[in-house]
K.L.:
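Pasting a structure below so you can have a look.
Within every chain, numbering begins at 1; the chains are lettered A, B, ... in the order of the sequence lines, protein sequences first and strands thereafter.
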Number of protein chains: 2
Amino acid sequence: MSSRVTLHEVAKRAGVSLGSTSRALHGTGASPDMVERVRAAAAELGYRPNAAGRQLRLQRTHLIEFAVADIGNPVYVEMLSAIHGVLSPHGYRIVVSSIGDAAASAARVLSSLDDGHVDGVIISPLRVDAQFIELLTATQVPVVAIGRSLRAHGIETVSTDSASGIGLAVTHLVDAGCRSLAFLNGPTDTTPGEHRQRGYDTAVAAPGFQAASFGTQVADDFTVAAGVEAAHALLDRAVAAGVRLDAVVAANDLLAIGVVRAARERGLSVPDDLAVTGMDDTEIGRMVQPALTSVSLGTTRRGQLAAELMLARLGESPEPPQLATVGPELKVRESSVRSEL
Amino acid sequence: MSSRVTLHEVAKRAGVSLGSTSRALHGTGASPDMVERVRAAAAELGYRPNAAGRQLRLQRTHLIEFAVADIGNPVYVEMLSAIHGVLSPHGYRIVVSSIGDAAASAARVLSSLDDGHVDGVIISPLRVDAQFIELLTATQVPVVAIGRSLRAHGIETVSTDSASGIGLAVTHLVDAGCRSLAFLNGPTDTTPGEHRQRGYDTAVAAPGFQAASFGTQVADDFTVAAGVEAAHALLDRAVAAGVRLDAVVAANDLLAIGVVRAARERGLSVPDDLAVTGMDDTEIGRMVQPALTSVSLGTTRRGQLAAELMLARLGESPEPPQLATVGPELKVRESSVRSEL
DNA sequence: GTGAAAGCGCTAACAA
DNA sequence: TTGTTAGCGCTTTCAC
């Protein structure tokens with residue numbers, strides 16, 4: 001393993017000074033044949049500029065952290081792609097960190113931010129409390145949040161209106177003839193859980209609501225497995241109460257897939273016996289049987305916006321994107337449309 | 001935004017030298033009250049050691065790159081979790097880079113490795129050619145590969161026997177009564193595509209093979225969408241040839257989900273009309289309808305092994321893990337088991 | 001046990 | 001245009 005080639009060695013090889021070498025390779029103001037000589041020397045030696053040296057000097061790492069609750073959720077994977085697509089052409093790499101839903105590990109990620117290992121952080125937290133906001137505002141590096149708006153605290157945020165998104169799903173189901181709805185939510189002390197709950201409560205309390213609501217069942221997590229379990233609990237409750245549920249609004253696609261599975265395990269057909277809607281419009285939701293009716297929250301667009309906001313904060317972009325809010329949009333597919341009535 | 005606190009300022013505040021300050025915080029050989037004073041000063045000032053400074057001095061970044069073909073594939077997400085689980089307690093962060101399946105971008109990732117921005121790379125390439133191997137062996141940083149064994153080139157590799165894994169699926173289908181099988185593979189110029197193809201060809205050529213093979217259909221990619229398209233092409237071919245296919249072995253779970261979807265679009269029931277098996281044993285495969293029979297390749301275990309191998313290469317671990325091969329294991333679920341015959 | 005000083009690799013300000 | 005030099009923040013020798 002030949003030891004690493006430094007700029008110093010390139011300079012020696014080219015027979016010129018260190019400064020000229022640096023200028024010839026990156027900077028400005030070097031004569032054509034200086035550039036030529038240095039390039040040749042660098043190529044012969046296989047020179048690669050050392051990242052730590054540049055970082056220390058330039059005070060920039062060209063690394064952006066993407067901190068999410070759960071990288072297993074396809075929504076975050078899609079956002080990651082979108083963010084990567086925007087930042088990569090500007091020479092930034094992405095560091096992914098999974099903060100989980102525990103406040104403690106989120107705090108650990110945040111407090112490690114000021115060691116300068118990244119130039120900025122795009123964070124999509126599940127839970128936001130006072131301590132979290134305090135840490136976030138105390139941070140030295142640019143922060144862009146995805147989710148609940150922290151603009152009041154001076155933190156750039158990309159948000160969406162998931163509450164009215166849930167309203168879209170409720171209206172669609174009622175229009176499709178459903179008369180007995182329930183809501184399957186994730187933990188309600190999370191930002192999405194809280195917003196989506198509000199959306200459901202508002203929708204079923206609206207004057208035009210022509211059906212009955214059997215209320216909400218809360219799953220332990222926004223995952224398929226938690227969805228299966230909670231859906232069974234919900235359906236058991238309905239049976240016990242003598243209610244014949246004909247639709248479940250799920251707080252996201254993973255939970256909706258769980259509902260479909262639980263329904264199947266009980267011999268219920270989706271959508272004929274039970275209509276189901278999801279949220280996030282994930283690719284997997286489009287591919288499962290039946291394909292999920294889902295409320296798109298513009299995952300890719302939100303990721304892009306967050307990345308563009310970050311570029312603006314880093315001074316890489318002349319002007320920040322105009323609006324940083326993405327509206328919900330209903331995608332009707334098989335899981336909510338009865339074959340015939 | 002108060003500018004960053006440096007060790008120098010902490011030293012001044014504590015009224016001691018720079019060296020003593022450093023020793024008191026991290027190193028050895030500092031008196032109790034020196035530690036006390038320095039700690040207090042650091043706390044008051046909110047000192048955070050600067051990453052670039054340490055990196056430059058220590059020649060370590062505490063960053064490991066995880067380079068995968070497609071982060072959208074749940075297999076890689078699962079590996080990422082596993083790797084993170086092993087490396088995180090040792091103070092390492094993970095940088096994820098999606099190299100795609102183009103040789104060019106893989107080359108770009110590899111050749112950017114020698115700038116010292118990471119301490120090592122765990123790479124799971126889809127395609128491996130001579131140039132790729134050359135770049136990989138020329139790299140200054142420790143490399144651990146997941147996939148095709150590169151041990152012959154001096155590169156630590158975690159491998160599995162996906163070929164005989166496909167054999168497990170074929171045997172299972174024949175035992176379950178299937179008499180006309182086909183293989184739905186991903187691109188065959190990739191490592192997994194090549195290995196799995198070999199596994200299928202070997203299995204159907206074995207003396208004990210009691211069924212007919214309708215051959216292989218190659219999808220453009222290892223994704224659900226590509227699987228849907230290729231499955232339709234395969235089923236069309238079978239119809240044209242007057243063959244009544246009763247089983248499809250898919251090269252991974254995503255393709256298998258595509259097969260299930262295509263079958264459904266044609267009014268075929270899975271598993272009654274068509275039995276389907278996948279590979280990788282992903283969570284989503286377990287949750288879809290019908291739940292996928294799949295060959296586990298020990299994704300989590302392979303990720304852990306790769307991480308442990310990396311720790312050993314970094315000198316963080318006394319001894320490397322004994323074996324770095326994970327055997328395939330068949331998980332029988334609904335997609336291949338006919339309700340009744 | 002503590003302080004002084006060198007130097008990791010690089011860029012930019014200043015001189016020539 | 002080119003060379004010289006300082007210094008980014010840190011750890012670790014080397015004297016004392």
Side-chain angles (χ1 to χ4, degrees), chain A residues 2-39 41-42 45-63 91 112-119 140-141, chain B residues 2-39 41-42 45-63 91 112-119 140-141:
Chain A
S2 67
S3 94
R4 250 164 206 142
V5 180
T6 70
L7 194 63
H8 180 74
E9 301 171 56
V10 177
K12 224 166 52 182
R13 170 68 153 248
V16 298
S17 81
L18 196 60
S20 299
T21 312
S22 176
R23 274 187 300 255
L25 290 176
H26 305 286
T28 167
S31 69
D33 56 282
M34 172 65 85
V35 171
E36 172 68 15
R37 284 173 68 179
V38 171
R39 282 249 177 85
L45 265 34
Y47 170 71
R48 314 260 75 199
N50 177 276
R54 302 195 72 177
Q55 279 175 34
L56 184 56
R57 180 65 231 227
L58 300 174
Q59 307 283 37
R60 296 197 132 220
T61 62
H62 284 276
L63 237 45
S112 83
L113 233 40
D114 285 327
D115 65 0
H117 75 282
V118 291
D119 293 345
Q140 306 266 4
V141 302
Chain B
S2 67
S3 94
R4 250 163 207 140
V5 180
T6 70
L7 195 63
H8 181 76
E9 301 172 56
V10 176
K12 225 166 54 181
R13 171 68 153 247
V16 298
S17 81
L18 197 60
S20 298
T21 313
S22 176
R23 276 186 298 255
L25 290 176
H26 304 286
T28 165
S31 68
D33 56 283
M34 172 65 84
V35 171
E36 172 68 15
R37 283 173 69 178
V38 172
R39 282 251 177 84
L45 264 34
Y47 170 72
R48 313 258 75 197
N50 177 277
R54 300 195 74 176
Q55 280 174 34
L56 185 56
R57 179 66 229 230
L58 300 175
Q59 307 283 36
R60 297 197 133 220
T61 63
H62 284 275
L63 238 43
S112 84
L113 233 40
D114 285 328
D115 65 0
H117 74 282
V118 291
D119 294 345
Q140 305 266 5
V141 303

K.L.:
Could you state the atom-to-atom distance from CZ of B:Arg60 to C1' of C:dG9 in whole Å?
P.N.:
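Atom CZ in B:Arg60 sits about 18 Å away from atom C1' in C:dG9.
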
K.L.:
Expressed in angstrom and rounded to an integer, what is the separation of A:Arg37 atom CZ from D:dT2 atom P?
P.N.:
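The answer, rounded to whole Å, is 9 Å.
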
K.L.:
Rounded to the nearest angstrom, tell me the gap between atom CD in B:Gln55 and atom P in D:dG9.
P.N.:
14 Å

K.L.:
Of the nucleotides D:dT11, C:dT11, C:dG9, which one has an atom closest to the side chain of A:Leu56?
P.N.:
C:dG9

K.L.:
Can you find a side chain N or O atom of B:His8 that sits less than 4.0 Å from OP1 or OP2 on D:dC10?
P.N.:
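Result: no.
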
K.L.:
Got a second to check how far B:Arg54's CZ is from A:Leu56's CG, nearest 0.5 Å?
P.N.:
13.5 Å

K.L.:
Out of C:dG3, C:dT11, D:dC8, which has the shortest distance to the side chain of B:Val16?
P.N.:
C:dG3

K.L.:
Could you state the atom-to-atom distance from CG of A:Leu18 to P of C:dA13 in whole Å?
P.N.:
16 Å

K.L.:
Could you state the atom-to-atom distance from CD of A:Glu9 to C1' of C:dC8 in whole Å?
P.N.:
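Distance, rounded to whole Å: 13 Å.
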
K.L.:
Let me know the distance between CG of B:Leu25 and P of D:dT11, rounded to the nearest Å.
P.N.:
8 Å

K.L.:
When you measure from the side chain of A:Asn50, which nucleotide among D:dC10, C:dG3, C:dC10 comes out closest?
P.N.:
C:dC10

K.L.:
Students often get this wrong, so: under 4.0 angstrom with heavy atoms, is A:Ser22 touching a base, only sugar-phosphate, or nothing?
P.N.:
base

K.L.:
To the closest 0.5 Å, what do you measure between CG (A:Leu45) and CZ (A:Arg13)?
P.N.:
5.0 Å

K.L.:
Give a yes or no on whether the backbone of A:Thr61 and the side-chain of A:Asp119 come within a donor-acceptor separation of less than 3.5 Å.
P.N.:
yes

K.L.:
Given C:dT2, C:dT11, D:dT12, identify the nucleotide with an atom nearest to the side chain of B:Ser20.
P.N.:
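The answer is C:dT2, which lies nearest to the side chain.
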
K.L.:
Does the C:dG3 base have a donor-acceptor partner in the side chain of B:Arg23 within less than 3.5 Å?
P.N.:
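Yes, a donor-acceptor pair under 3.5 Å.
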
K.L.:
Find the distance B:Arg57:CZ to C:dA5:P and express it as a whole number of Å.
P.N.:
16 Å

K.L.:
Starting from the 5' end of DNA chain C, give me the residue, B:Thr28 or B:Gln59, whose nearest nucleotide shows up first.
P.N.:
B:Thr28

K.L.:
For the side chain of A:Ser20 and the backbone of A:Val16, is there at least one donor-acceptor N/O pair under 3.5 Å apart?
P.N.:
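Side chain of A:Ser20 to backbone of A:Val16: no pair is present.
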
K.L.:
Between D:dC8 atom P and A:Leu58 atom CG, what is the distance in whole Å?
P.N.:
14 Å

K.L.:
Contact class for B:Ser31 vs. all strands (heavy atom < 4.0 Å): base, sugar-phosphate, or nothing?
P.N.:
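Contact class for B:Ser31: sugar-phosphate only.
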
K.L.:
More 5' along DNA chain D: A:Thr21 or B:Arg54, using each one's nearest nucleotide?
P.N.:
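It is A:Thr21 whose nearest nucleotide is closer to the 5' end.
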
K.L.:
Of all the choices, C:dA4, D:dT12, D:dT4, which nucleotide is nearest to the side chain of B:Ser17 once you look at every atom?
P.N.:
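Nearest nucleotide to the side chain: C:dA4.
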
K.L.:
Between C:dG3, D:dC8, D:dG3, which nucleotide gets closest to the side-chain atoms of A:Met34?
P.N.:
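Output: D:dG3.
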
K.L.:
Within this structure, what is the CZ-CG distance for the pair B:Arg48 and A:Asp115, rounded to the nearest 0.5 Å?
P.N.:
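If I round to the nearest 0.5 Å, the distance is 7.5 Å.
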
